[in-house]
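Structure record follows, encoded as structure tokens.
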Amino acid sequence: MNLSIVEYPDRRLREKSLKVERFDADLHKLLDAMYHIMIEHNGIGLAAIQVAHAKQVLILNIPQEDDEQPKDNLIEMINPVIVYHEGETVYQEGCLSVPSFYEDVIRYESVTVNFQDRDGNTKTLEANGLLSIAIQHEMDHLKGILFIDKLSYARRKKFEKEFKRVQKEKKNS
Ligand code: Y12
Ligand code: CO
């Protein structure tokens, strides 16, 4: 399966992803291809809509303390739902669909998520730290929300100005 990353301001990133009903070979192929493209681009999280598949599918592979990112730590979430959240935290986020931009975003500090695995089994995960932030960032993608949508009006204006400048620079180089 040949995938490419959809980049802002592409309108496909605004689509609402649909619930997965079939846990079949096609879903497994999509998950495997998402893992490869995420690693190829040095990502730590990816939602299916970022590769133009509007399905409630996301993957996460948070680096360890030694910066290694073994596949053993890969988490695949299908149809995730946050059932509990607590606290607040701020983290400078980046996104493979908005390359080169990093912004402070406020998120819940810890979350409990119900989801299904690639075979349709129901799971629950309690997360905090970077994993909690990454889950919320990727779950926003399933609703067509980007991390830049969470910025203050002034911060977003600054982002748009800088984004236009970078696009112009890319065009002229
Ligand atoms: C905390 C905050 C956000 C997340 C969501 C997952 N985000 C990523 O995986 C972002 C990765 C990223 C990688 C980049 O590097 C390349 O494309 C080679 C990048 O590109 C540049 O900055 C040029 C931007 C973002 C998880 C946890
Ligand atoms: Co993202």
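When a ligand or atom number is given, it counts from 1 through the structure's own listing order. Computation of the quantities below employed the complete heavy-atom set of this structure, encompassing side-chain atoms and omitting hydrogens, waters and symmetry-equivalent molecules.
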* Derivation and outcome, ring pair (Phe, Tyr, Trp, His ring centres under 6.0 Å), residues Tyr102 and Phe159 -> CA-CA 10 Å; Tyr102 300 88; Phe159 163 81; over 10 Å; no
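In Phe101, neither the side chain nor the backbone holds a heavy atom less than 4.0 Å from any atom of ligand 1.
A salt bridge is defined here as a Lys NZ or Arg NE, NH1 or NH2 lying under 4.0 Å from an Asp or Glu carboxylate O, and Glu103 with Arg155 meets this definition. Look at Glu162 and Lys158 and you find no salt bridge, because none of the NZ, NE, NH1 or NH2 atoms lies under 4.0 Å from a carboxylate O. Between Glu169 and Arg165 there is a salt bridge, since a side-chain N of the basic residue sits under 4.0 Å from a carboxylate O of the acidic one.
The side-chain contact (heavy atoms from CB on, under 4.5 Å) search around Lys143 returns Asp140, Ile145, not counting sequence neighbours.
Ligand-side atoms of ligand 1 in range of Asn42: 13 (C), 18 (C), range being under 4.0 angstrom from any heavy atom. Using a 4.0 Å cut-off to heavy atoms of Leu130, the atoms of ligand 1 that qualify are 1 (C), 27 (C). Near Ala134, the atoms of ligand 1 lying under 4.0 angstrom from a non-hydrogen atom of the residue are 26 (C), 27 (C).
The protein atom (non-hydrogen) at minimum distance from atom 18 (C) of ligand 1 is His41 O, 3.4 Å. With hydrogens left out, the protein atom closest to atom 13 (C) of ligand 1 is Leu96 CD2, 3.4 Å, a heavy atom. Counting protein heavy atoms only, atom 6 (C) of ligand 1 is closest to Glu138 OE2, 3.4 Å. Regarding atom 9 (O) of ligand 1, its nearest protein heavy-atom neighbour is Ile44 N, 2.7 Å. At the top of the distance list for atom 2 (C) of ligand 1, counting protein heavy atoms only, stands Glu93 CG, 3.6 Å. Among protein heavy atoms, atom 19 (C) of ligand 1 sits closest to Tyr102 OH, 3.6 Å.
Between Leu60 and Ala134 the shortest heavy-atom distance is CD2-CB, 3.7 Å.
Between the choices Gly94, Ala47, Ser100, the shortest heavy-atom distance to atom 8 (C) of ligand 1 belongs to Gly94.
The aromatic rings of Tyr108 and His85 sit parallel to each other, their planes meeting at less than 30°, with 60° as the upper class boundary.
Here the options are Glu93, Glu88, Gln136, the test is side-chain hydrogen bond (donor to acceptor under 3.5 Å, both in side chains), and the partner is Arg107; only Glu93 passes.
Between NE2 of His137 and SG of Cys95, the angle at the Co ion (ligand 2) works out to 120°, rounded to 10 degrees.
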